[in-house]
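Working notes, beginning with the structure itself.
The shown structure was predicted, so the numbers you read here are calculated from the model rather than taken from an experiment. Throughout, a chain's letter reflects where its sequence line sits, starting with A, and its residues are numbered from 1.
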Protein chains: 2
Amino acid sequence: MISQEKDSGNAATPDVPVRKSRAQPVTLREVAEAAGVSTATVSLVINKKKNARIAEQTRQRVKDAIRQLGYRPNAMAKTLVSGTSRFIGLVADGVATTPFAGQIIHGAQDEAWKHGYALLIANTEGNRDLETDAIAMMLEYKVRGILYSTWFHRPTVVPETLREADFVLVNCFSPEPGAARAVVPDEEQGGKSATEILLRGGHRRIAFINATTPAPARDGRLQGYKDALEAAGIPFDPELVLEAYPDQEGGYGATEELLKRNVAAVFCYNDRMAMGLYDGLRENGLSIPDDMAVVGFDNQEVIAAHLRPPLSTVSLPHYELGAAGVRMLLGLDEASNDSAVKIMCPAVERASVAVHSPA
Amino acid sequence: MISQEKDSGNAATPDVPVRKSRAQPVTLREVAEAAGVSTATVSLVINKKKNARIAEQTRQRVKDAIRQLGYRPNAMAKTLVSGTSRFIGLVADGVATTPFAGQIIHGAQDEAWKHGYALLIANTEGNRDLETDAIAMMLEYKVRGILYSTWFHRPTVVPETLREADFVLVNCFSPEPGAARAVVPDEEQGGKSATEILLRGGHRRIAFINATTPAPARDGRLQGYKDALEAAGIPFDPELVLEAYPDQEGGYGATEELLKRNVAAVFCYNDRMAMGLYDGLRENGLSIPDDMAVVGFDNQEVIAAHLRPPLSTVSLPHYELGAAGVRMLLGLDEASNDSAVKIMCPAVERASVAVHSPA
DNA sequence: TTGAAAGCGCTAACAT
DNA sequence: ATGTTAGCGCTTTCAA
């Protein structure tokens with residue numbers, strides 16, 4: 001009944017000893033014995049404590065023993081002593097749902113790793129119970145903090161248990177100001193940048209096909225569009241703002257209305273709408289960018305970069321959101337406490353807007 | 001110097017006590033004291049040990065104390081005792097690189113969670129050093145096992161340190177048979193299914209635009225194409241197999257060659273090529289599916305479901321790969337030891353192939 | 001420069 | 001039915 005052989009269940013060839021496989025892991029104590037020193041000493045050399053002076057000879061003996069035995073520190077024991085692990089939790093309501101949400105994981109992971117932290121992720125698919133469990137689990141594993149993220153930019157209510165940890169909201173924010181640190185994309189700047197691409201293309205009469213679905217993006221991008229026009233001294237014409245469901249079909253369906261507006265430039269709420277619009281325009285025998293200059297939003301690689309012609313758009317900074325979230329969590333970035341920190345959405349210019357030949 | 005106030009650094013309002021925030025976490029011992037029982041008893045009720053009979057009254061007292069104090073077990077201490085954590089590591093060479101690779105995380109996460117495990121992820125971007133570090137970290141945190149995954153299906157060499165853990169390869173495999181458990185997509189079945197969609201559409205002369213880039217997918221899908229033809233009693237005609245770089249441009253560029261083949265049905269190596277081909281066909285005034293029936297591969301949602309017409313294709317089972325990997329790791333699924341387990345690639349029929357009206 | 005020893009929070013015999 | 005106690009592997013005073 002002695003747990004001496006546990007884990008040996010999958011040796012491919014039972015009669016041959018498993019090479020360097022998981023038997024009982026080597027402990028610090030064993031290293032100490034092998035090196036003929038105390039565990040304290042081993043701990044000291046492992047952690048390279050600056051003050052503690054260890055004889056170079058001893059240090060070497062320890063290092064040799066470590067290598068020899070293939071010692072690996074037990075992070076659990078370490079964490080038990082210190083109280084907090086080198087984990088950062090990431091609770092997401094959908095890695096699945098959207099193709100680019102994965103980028104926030106990616107950004108968080110890279111940044112976390114850079115600071116010696118590993119990412120513990122939980123996909124909750126928006127299920128509150130699952131979410132609670134996930135947060136509980138993270139708390140139990142003594143995570144350094146938790147990133148709570150949503151797959152699209154939106155307001156959210158902070159789960160109660162989240163407050164037991166250090167946390168920051170990513171791609172979402174709490175409606176009550178000052179309630180939580182948060183990082184979100186700068187929709188206004190994005191909408192402005194998108195419009196400016198068209199402006200730089202020499203257009204002054206620019207339509208905007210907004211989404212019908214309420215969201216910070218809907219308001220923000222519209223505001224950005226207005227800001228850009230104003231900055232260019234162009235009066236805002238409500239007639240030029242259409243609305244459609246924000247997907248391919250929506251964009252396609254908006255074609256007719258758009259053509260009635262007698263414009264040669266349009267900013268679409270997102271790339272998928274632009275993709276649909278491409279089809280609609282084509283069916284009307286119109287060419288891009290000559291007959292119609294088009295700008296999207298999101299920079300969904302699969303779409304934007306590969307449409308014909310490639311779509312000029314504005315990038316949703318998912319990677320940066322993840323990274324900034326980690327930085328904010330670790331206190332490396334400033335976090336204004338009464339409003340979310342906004343991350344820039346950079347313009348990505350491709351061929352769907354012709355270069356301006358000044359009049 | 002007593003570490004009594006650690007973590008109090010971010011109370012928003014210093015003069016007001018932080019509500020239920022992280023002070024010193026409540027320990028099991030404190031619960032025991034509050035309930036007037038021993039720690040063993042508390043442990044017993046927490047873990048619902050079946051044999052140990054605890055007086056209902058006592059049990060209740062303990063539960064109350066737990067609730068009252070907001071006790072959370074320290075998973076680190078638990079793990080330290082038991083030797084292995086409830087973590088499963090996932091080492092990926094690119095969550096970033098491809099839009100659907102995230103699905104394998106998702107599948108792994110869901111399945112892991114289902115069995116009480118949490119996912120610890122590390123994105124290595126193919127960097128071997130990072131990879132080694134990531135594996136080391138996972139080992140140190142005593143993960144139950146490691147999923148080693150690649151973003152596209154390919155052979156891989158198993159990192160040495162990976163063998164220190166229980167592991168399974170996901171979406172990749174070791175060239176030397178029997179060296180590692182693995183789960184991969186069934187490319188041949190996929191290629192066959194894709195071709196069969198066209199066959200069912202009544203086509204007998206079917207072209208295949210394969211990739212120029214060597215990969216299991218390239219060989220497997222071609223084999224599947226051949227298999228399907230053979231099963232339908234159609235002789236294989238090498239003339240009908242073209243090759244192009246597997247992206248939009250490649251598909252677009254292949255249009256001309258394809259049209260020379262005088263076919264009305266084509267199976268494209270992937271959806272992106274199909275997307276490019278759509279453009280090429282359109283420019284030639286050809287319509288889909290009437291003039292040309294098209295089938296893709298991968299089922300990249302953003303593309304396939306929303307092209308005009310929606311693209312019939314075959315789905316790469318990333319989610320299933322992740323889930324199956326976890327199951328195999330936990331010994332829930334059979335793992336044939338000498339070859340990778342193949343996961344089916346289901347056909348997804350949409351409108352790019354017309355329904356067959358038998359002659 | 002190094003060692004001894006006291007825990008970190010929890011589980012699991014073994015007692016009672 | 002419940003309490004005592006000895007660790008799990010490590011860090012960290014405090015001594016030597």
(request) Take A/F173 and A/Y148 through the test ring-ring contact (aromatic ring centres under 6.0 Å, His included) and record every step on the way to the result. (result) CA-CA 10 Å; A/F173 57 94; A/Y148 183 88; over 10 Å; no
(request) Ignoring hydrogens and angles, state whether a donor on the side chain of A/S38 or A/T41 is under 3.5 Å from an acceptor on the partner side chain. (result)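 A/T41 and A/S38 do have a side-chain donor-acceptor pair below 3.5 Å.
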(message) Quick check on the helix from C/dT1-D/dA16 to C/dT16-D/dA1: what's the angle between its two end axes, five base pairs per end, to the nearest 10°?
(response)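 The angle separating the two end axes equals 40°.
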(message) Does A/R128 form a salt bridge (Lys or Arg N to Asp or Glu O under 4.0 Å) with A/D93? I'd like the steps, not just the answer.
(response) CA-CA 10 Å; A/R128 276 285 170 173; A/D93 71 347; over 6 Å; no
(message) Over all strands shown, is A/T58 touching base, sugar-phosphate only, or nothing at heavy-atom distances under 4.0 angstrom?
(response) sugar-phosphate
(message) So B/L90 and B/L120, do their side chains get closer than 4.5 Å, heavy atoms only?
(response)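 When only atoms from C-beta onward are counted, B/L90 and B/L120 do not touch, as no gap falls below 4.5 Å.
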(message) Less than 4.5 Å apart, side chain to side chain, heavy atoms only: is that true for A/D133 and B/W113?
(response)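 Yes. Closest side-chain heavy atoms under 4.5 Å.
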(message) Strictly below 4.0 Å: does B/T41 bring a side-chain N or O up to OP1 or OP2 of D/dG3?
(response)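 Yes.
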Tell me the interatomic distance from [X], atom [atom1], to [N], atom [atom2], rounded to whole angstroms.
{"X": "A/K142", "N": "C/dG9", "atom1": "NZ", "atom2": "P", "answer": "8 Å"}
{"X": "A/Q60", "N": "C/dT1", "atom1": "CD", "atom2": "P", "answer": "16 Å"}
{"X": "A/E140", "N": "C/dC10", "atom1": "CD", "atom2": "C1'", "answer": "13 Å"}

(request) Could you tell me whether A/R181 and A/D166 have a side-chain N and a carboxylate O separated by less than 4.0 Å? (result)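 Salt bridge between A/R181 and A/D166, a charged N being under 4.0 Å from a carboxylate O: yes.
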(message) I'd like to know if A/E140 pairs up with B/K78 as an ion pair, taking the criterion as any Lys NZ or Arg NE/NH1/NH2 lying under 4.0 Å from an Asp or Glu carboxylate oxygen.
(response)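 B/K78 and A/E140: not salt-bridged.
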Sequence neighbours left out, cut at 3.5 Å: what donor-acceptor pairs do the side chains of residues 319-329 of chain A make with other protein atoms?
unit_1: A/Y319; atom_1: OH; unit_2: A/D110; atom_2: OD2; d: 2.6
unit_1: A/E320; atom_1: OE1; unit_2: A/R327; atom_2: NH2; d: 3.3
unit_1: A/R327; atom_1: NE; unit_2: A/E111; atom_2: OE2; d: 3.3
unit_1: A/R327; atom_1: NH1; unit_2: A/D333; atom_2: OD2; d: 2.8

Tabulate protein N/O versus nucleotide N/O from nucleotides 9-11 of chain D, keeping only pairs under 3.5 Å, one per line.
unit_1: D/dC10; atom_1: OP1; unit_2: A/Y71; atom_2: OH; d: 2.3
unit_1: D/dC10; atom_1: OP1; unit_2: A/N74; atom_2: N; d: 3.1
unit_1: D/dC10; atom_1: OP2; unit_2: A/L28; atom_2: N; d: 2.3
unit_1: D/dT11; atom_1: OP1; unit_2: A/N47; atom_2: ND2; d: 3.2
unit_1: D/dT11; atom_1: OP2; unit_2: A/S43; atom_2: OG; d: 2.8

